Amino acid sequence: MIHDQYLKGNLSLTITDADFTKRGWYTCDCDSKDLCDVSLQIEPLKTPVHIKPGESLDLYLDISDPVEVIYNNTDAANRSSGQICTVDGRSTQCKDEYTQRATLTSVLQLRRMTPSDSGVYTVMDSRNEETIHIYPVTVQGDGDDSEAQRQNDKARSRRSVPDDVQPCRDQGAAQSEWTVPVLAVLLAVCAVLVGINVWQRRENQQLRKRLEGNGQVNHVQNGVEMNGLGNPGAEEQQSLAQPSNDHEAV
């Protein structure tokens, strides 16, 4: 209270340097009578944090009362949300995946952060269920990365590919896709050519038999074309009957 204001009848109470240790109920009474009750509440602190993979995250608890640390992921592909640690004085209880990484000194420190640890970390007063400190954390940059994060990055990159862009296919698989149809076409063409050849041979044989039956097939014998009956052909008979020019000259 300000003394000068008190003498003037102003009984207001001024709280300087308000922090979480001064939050709570304040009661004004006179002659054992309560005149008014006032609850002092402190707005939660909010501290954005940007760190690289492999670095540590320091979470200031701000109060000595029991607190719990709650993690909320910002990516559905990352680990699930929920309470990760509770701190009561010098005692710390953490989930199995954080037990080997958490250390309590003047702060709660989480070591070996990875991109999959990105999210919102909230320090809450366990007794009053009051939010004390909020840490939006981003882990990004060079450093060691977990296998789970690498898988998440691959999944996100696949989702980010536009619909009109097709992913590259394996060259061997692409060749095998067109090799089989080409071979099938070549085999079909070869089969058709063989069939045509066989058909032509049979037709020629049948035609030859029909011609031989009609005596129309000519053979060459001793330089003289003979018909199917063993006689010289018509042209050969005319050539034999015509005397040569040499005999006329004699």
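Keep in mind that this is a model prediction, so the values were computed, not measured.
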Return yes if some donor-acceptor pair links the side-chain N/O of R111 with the main-chain N/O of Q100 below 3.5 Å, else return no.
yes
With a 3.5 Å distance limit and no angle check, can you tell me whether R210 reaches the backbone of Q205 through a side-chain donor-acceptor pair?
no
Sorted by chain and residue number, the side-chain hydrogen bond (donor to acceptor under 3.5 Å, both in side chains) partners of N204 (sequence neighbours excluded) come out as none
Go through the structure and list residues passing side-chain contact (heavy atoms from CB on, under 4.5 Å) with V38, not counting sequence neighbours.
none
May I ask you to test the I15-Y26 pair for a side-chain heavy-atom distance under 4.5 Å?
yes
With sequence neighbours left out, which residue pairs that include part of residues 128-139 fulfil the side chain to side chain donor-acceptor pair (under 3.5 Å) condition?
R23-E130, T47-H133, D62-H133, D125-N128, H133-Y135
Closest approach of S56 to I51 (non-hydrogen atoms, all atoms of both residues)
O-CD1, 4.1 Å
Holding to side-chain contact (heavy atoms from CB on, under 4.5 Å), I want the full list of residues that pass it with N197, two or more places apart in sequence or in another chain.
R201
Exceeds 12 heavy-atom contacts within 6.0 angstrom, atom NZ of K209:
no
Option from K52, R101, R112 for which salt bridge (charged side-chain N to carboxylate O under 4.0 Å, His left out) with D117 holds:
R101
List for me each residue that meets side-chain contact (heavy atoms from CB on, under 4.5 Å) alongside W199, sequence neighbours excluded, and say none if there are none.
E203
Determine, stepwise, if the pair V87 / L61 fulfils side-chain contact (heavy atoms from CB on, under 4.5 Å).
CA-CA 9 Å; V87 180; L61 306 180; 3.8 Å; yes
Can you check whether S118 reaches V137 side chain to side chain, under 4.5 Å on heavy atoms?
no
Set out, in order, the CA-CA distance, both residues' side-chain angles and the distance that settles disulfide (SG to SG under 2.5 Å) for C85 and C94, then state yes or no.
CA-CA 4 Å; C85 290; C94 295; 2.1 Å; yes
Hydrophobic cluster membership, with links at side-chain heavy-atom distances under 4.5 Å among I/L/V/M/F/W/Y: are I134 and I132 in one?
no
Please identify each residue that fulfils side-chain hydrogen bond (donor to acceptor under 3.5 Å, both in side chains) with Q109, with sequence neighbours left out.
D58
Kindly indicate whether the side chain of M124, heavy atoms from C-beta on, has any atom under 4.5 Å from the side chain of E68.
yes
With a 4.5 Å limit on heavy-atom distance, are the side chains of V120 and Y71 in contact?
no
Quick check: do I70 and I84 have side-chain heavy atoms less than 4.5 Å from each other?
no
Is the number of heavy atoms from other residues, nucleotides or ligands under 6.0 Å of K22 NZ greater than 12?
yes
Heavy-atom side-chain contact between V139 and P53 under 4.5 Å:
yes
Inspect the contact between R127 and D88 and indicate whether a charged nitrogen and a carboxylate oxygen are less than 4.0 angstrom apart.
no
Nearest heavy atoms of Q83 and T86, plus distance in Å:
NE2-CG2, 3.0 Å
So do the side chains of V192 and V194 get within less than 4.5 Å of each other, counting heavy atoms only?
no
hydrophobic_cluster_shared for I42 and V67, side chain cutoff 4.5 Å
yes
Give a yes or no on whether L45 and V123 share a hydrophobic cluster (residues Ile, Leu, Val, Met, Phe, Trp, Tyr; joining criterion: side-chain heavy atoms under 4.5 Å apart).
yes
Starting at OH of Y98, measure out to OG1 of T92 and round the result to the nearest 0.5 Å.
15.0 Å
Apply the test side-chain contact (heavy atoms from CB on, under 4.5 Å) to residues L110 and Y121: give CA-CA distance (whole Å), side-chain angles for both, the deciding distance (0.1 Å), then the verdict.
CA-CA 11 Å; L110 299 179; Y121 294 78; 3.9 Å; yes
Quick check: are there more than 12 heavy atoms from other residues, nucleotides or ligands sitting under 6.0 Å from OH of Y60?
no
